[in-house]
Peer 1: 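Right, I'll just put the structure down here and ask away after.
Convention: sequence-line order gives letters A, B, ...; per-chain numbering from 1.
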2 protein chains.
Amino acid sequence: MTVQRSPKRATISDVARLAGVSIATVSRVLNGTAPVAEETMLQVNQAIAALDFAPHAAARTLAGRRTDTIGLLLPEISGAFYSPLIHGIESSAREAGFDLLIHTTADRFREGGRIQLPLDEHNTDGLLVFTDRLSDAELARFHGRGFPLVLLYRSAPAGLDIPVVTLENKAGARGLVEHLIVTHGCRRIAFLAGPSGNEDSSWREAGYREALRAHGLDDDPALHGLGDFDNGRARATVQQWLSQGVLFDAIFAGDDDAAMGCIQALTEAGRRVPEDVAVVGFDDVLLAGLMIPRLTTVRTPIETAGRQAARLLISLIQGEAVEQLVLLPTELVIRQSCGCNGSLH
Amino acid sequence: MTVQRSPKRATISDVARLAGVSIATVSRVLNGTAPVAEETMLQVNQAIAALDFAPHAAARTLAGRRTDTIGLLLPEISGAFYSPLIHGIESSAREAGFDLLIHTTADRFREGGRIQLPLDEHNTDGLLVFTDRLSDAELARFHGRGFPLVLLYRSAPAGLDIPVVTLENKAGARGLVEHLIVTHGCRRIAFLAGPSGNEDSSWREAGYREALRAHGLDDDPALHGLGDFDNGRARATVQQWLSQGVLFDAIFAGDDDAAMGCIQALTEAGRRVPEDVAVVGFDDVLLAGLMIPRLTTVRTPIETAGRQAARLLISLIQGEAVEQLVLLPTELVIRQSCGCNGSLH
DNA sequence: AGGCTTTCAGAAACCGCTTTCAGAAAGCGT
DNA sequence: ACGCTTTCTGAAAGCGGTTTCTGAAAGCCT
């Protein structure tokens with residue numbers, strides 16, 4: 001069970017001994033926390049190089065009371081969505097000298113009975129919370145302790161001043177649906193909602209409603225289904241509609257994954273996209289521009305969101321004041337699946 | 001700069017004091033490392049609950065000489081590929097009680113001059129190496145120190161017994177190409193290589209060659225091009241072939257992205273897929289089953305690869321012996337683009 | 001030259017936990 | 001009742017750094 005590492009790691013004492021100085025001096029050279037004579041510094045650096053020394057992170061954390069690590073709490077990772085998000089967070093964190101610790105919350109939080117939160121303030125200097133698996137109460141507990149927190153794509157519980165980074169979902173959705181109405185003359189536009197409770201979905205639905213209302217269209221409940229932001233779920237919903245003879249000339253699928261499911265279901269049933277039914281998504285994942293037909297969607301700056309969130313968190317950790325809400329703009333991306341750009345390319 | 005956390009964290013001493021025992025006893029209760037009287041245990045647990053105590057990870061690491069964290073080294077994250085990979089690794093790690101620390105190597109390793117490897121043995125108990133940005137020399141250095149390492153999708157430098165998890169690229173490719181030859185009677189099958197130096201690509205090419213040889217087909221160099229595992233690159237290559245009048249009745253595009261590029265180029269040139277030219281990919285990305293024609297490809301168990309790799313690494317960390325090579329099976333997925341299933345579905 | 005500030009370096013006190021070592025108390029066989 | 005395990009517990013020594021405190025040496029001014 002015990003791991004024996006052959007040549008034992010050099011420690012700060014080894015360096016100090018070799019350089020003929022005290023460990024305090026080595027520490028100062030390492031961190032630049034106090035002036036050190038040029039010559040001494042040289043000695044120390046040589047010793048460091050000779051011993052291939054690198055400071056022990058845990059010891060540093062313990063003594064220095066900071067981990068230089070930020071945590072990311074995600075729901076079960078899946079879908080194309082998380083790559084750019086993680087990438088944004090990671091690169092932003094690394095620029096500031098922070099590591100990234102990732103936890104997916106398979107929802108089994110306090111198992112056994114011990115209160116073992118997976119990523120608590122002991123392992124990280126702050127937490128980026130994406131998932132809705134962390135209850136408001138737990139959020140409050142962390143926040144109450146003064147633990148830096150930033151929320152991604154979800155709003156803060158009432159009364160807690162936790163910064164939030166999210167998207168202009170409503171405006172984006174409205175623009176998208178208006179494009180279907182105005183440019184393509186769609187009258188019966190179906191909407192596929194995301195997972196219940198998902199805030200992005202709620203806002204997109206709000207945008208969809210606004211667009212309908214603004215153009216005097218009926219908001220037919222029969223045209224509301226569950227897409228769950230999931231390929232298979234969306235496909236099943238559309239299949240069901242098809243078999244029930246529900247009429248629609250367009251589908252706003254909630255997100256791109258669901259849009260693909262819709263297209264699958266429609267194609268299998270012999271309906272052409274976009275000739276018979278227009279389908280639009282949301283997110284502009286990489287695949288959206290590659291599939292046939294190329295998907296009309298709304299570009300969401302996922303990577304930027306990640307980047308911003310990390311930046312906010314790090315500012316918070318460093319004791320700076322930050323804005324409480326970052327609302328990132330979305331952009332309509334018109335391709336083929338709505339009926340535009342009929343030919344190839 | 002300094003962060004003041006309002007109610008200072010409870011420590012093991014606080015718990016000990018409240019429970020009226022020594023910190024050693026608390027530690028034993030925490031870890032179950034030695035028998036503790038029932039009643040004492042109860043006292044301690046109550047104190048823990050009352051103080052909402054959770055042990056400080058860094059202190060634990062320092063004292064216990066293990067981090068319970070594994071590191072993952074990736075190239076710049078992008079593409080749908082990494083989500084299942086990370087997910088596989090993360091879930092496998094968490095099952096074993098390990099955290100996951102992710103680093104993307106933007107290639108700027110030893111900056112400044114200090115030897116600061118981003119994830120070294122101080123932060124993690126072992127490392128999962130995906131990227132080829134870590135040189136053989138650096139791998140050797142880690143390995144020489146007895147630091148647990150597992151490689152993903154890349155083979156070990158000569159002479160180092162570092163476990164590797166990779167795919168049965170060759171067998172998969174061979175099966176795929178044989179399907180073209182046997183079922184569809186293709187005689188002139190082109191191959192698009194991936195990025196130079198990419199091991200997956202080399203093996204796929206080897207499988208392609210084997211298939212040709214096994215069926216007495218000529219391996220015409222004119223039918224070898226660069227696909228670079230990239231949509232645009234593959235498209236350009238095929239366009240060039242077309243304009244040069246190169247003759248072929250099938251293309252094995254190296255991967256799915258490239259296959260899409262091929263289909264685009266062919267379609268634009270008025271060639272029908274699969275009637276005029278069969279096109280097959282590799283990976284079975286989500287889109288492969290959605291595009292028209294639906295792509296015949298080889299399914300690769302990415303998530304499983306991640307899961308296995310993490311498992312191997314953890315075994316290694318725990319001092320167990322592990323197999324040096326895990327070759328994950330691939331599976332032929334026959335759809336339309338090869339000429340099968342002419343109609344829908 | 002004497003007093004005062006700066007600059008640089010070391011001793012030592014932690015940081016919060018694990019683990020060894022040793023001892024007290026309790027159980028057991030005869 | 002007496003030695004001998006066995007069971008449980010505490011004191012204390014680290015783990016490898018950071019940081020405070022203090023002091024020696026050097027620089028500066030009058």
Peer 1: Report which part of the nucleic acid Ala24(B) touches: base, sugar-phosphate, or nothing (heavy-atom distance under 4.0 Å, all strands).
Peer 2: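 It contacts base atoms.
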Peer 1: Under 3.5 Å, is there a donor-acceptor pair between the Arg66(A) and Thr61(A) side chains?
Peer 2: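 No, no side-chain donor-acceptor pair sits under 3.5 Å.
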Peer 1: So what does Ser27(A) hit on the nucleic acid, given a heavy-atom distance under 4.0 Å: a base, only sugar-phosphate, or nothing?
Peer 2: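 If one applies the 4.0 Å heavy-atom cut-off, Ser27(A) turns out to touch a base.
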Peer 1: With DNA chain D as reference, determine whether Gly64(B) or Ala37(B) sits nearer its 5' end, using the nearest nucleotide of each.
Peer 2: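 Closest to the 5' end, via its nearest nucleotide, is Ala37(B).
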Peer 1: Going 5' to 3' through nucleotides 22-28 of chain D, assign each nucleotide B (protein heavy atom under 4.0 Å from a base atom), S (under 4.0 Å only from sugar-phosphate atoms) or - (no protein heavy atom that close).
Peer 2: -------
Peer 1: For Thr166(A) and Glu199(A), does a side-chain donor sit closer than 3.5 Å to a side-chain acceptor?
Peer 2: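 Side-chain D/A pair, Thr166(A) to Glu199(A): absent.
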Peer 1: Write down the distance between CG (Asp125(A)) and P (dC15(C)), rounded to a whole number of angstrom.
Peer 2: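 Distance check: Asp125(A) CG to dC15(C) P gives 18 Å.
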Peer 1: Which sits closer to the 5' end of DNA chain C, Leu62(A) or Arg28(B), going by the nucleotide each is nearest to?
Peer 2: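 The residue whose closest nucleotide sits nearer the 5' end is Leu62(A).
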Peer 1: Report yes or no: do Asn31(A) and Arg60(A) form a side-chain donor-acceptor pair below 3.5 Å?
Peer 2: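 Their side chains do contain a donor-acceptor pair, which is all the 3.5 Å distance test asks for.
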Peer 1: May I ask you to evaluate whether Ser22(A) reaches the phosphate of dG10(C), defined as a side-chain N or O under 4.0 Å from OP1 or OP2?
Peer 2: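 Ser22(A) to dG10(C) OP1/OP2: side-chain N or O found under 4.0 Å.
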Peer 1: Taking the side chain as C-beta and beyond, is there a heavy-atom pair between Ile12(B) and Phe53(B) under 4.5 Å?
Peer 2: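 In contact.
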Peer 1: Of the non-hydrogen atoms in Ser315(A) and Val322(A), which two are nearest, and what is the gap between them?
Peer 2: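 In this case the closest contact between Ser315(A) and Val322(A) is CB-CG1, 3.5 Å.
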Peer 1: Looking at Asp52(A) and Arg141(B), is there a salt bridge between them, counting it only when a charged N and a carboxylate O are closer than 4.0 Å?
Peer 2: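 Counted as a salt bridge, because a side-chain N and a carboxylate O are separated by less than 4.0 Å.
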Peer 1: May I have the distance from Arg60(A) (atom CZ) to dC17(C) (atom P), rounded to whole angstrom?
Peer 2: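 These atoms are roughly 21 Å apart.
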Peer 1: Is the phosphate of dA9(C), meaning OP1 or OP2, less than 4.0 Å from a side-chain N or O of Thr40(A)?
Peer 2: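 Thr40(A) to dA9(C) OP1/OP2: side-chain N or O found under 4.0 Å.
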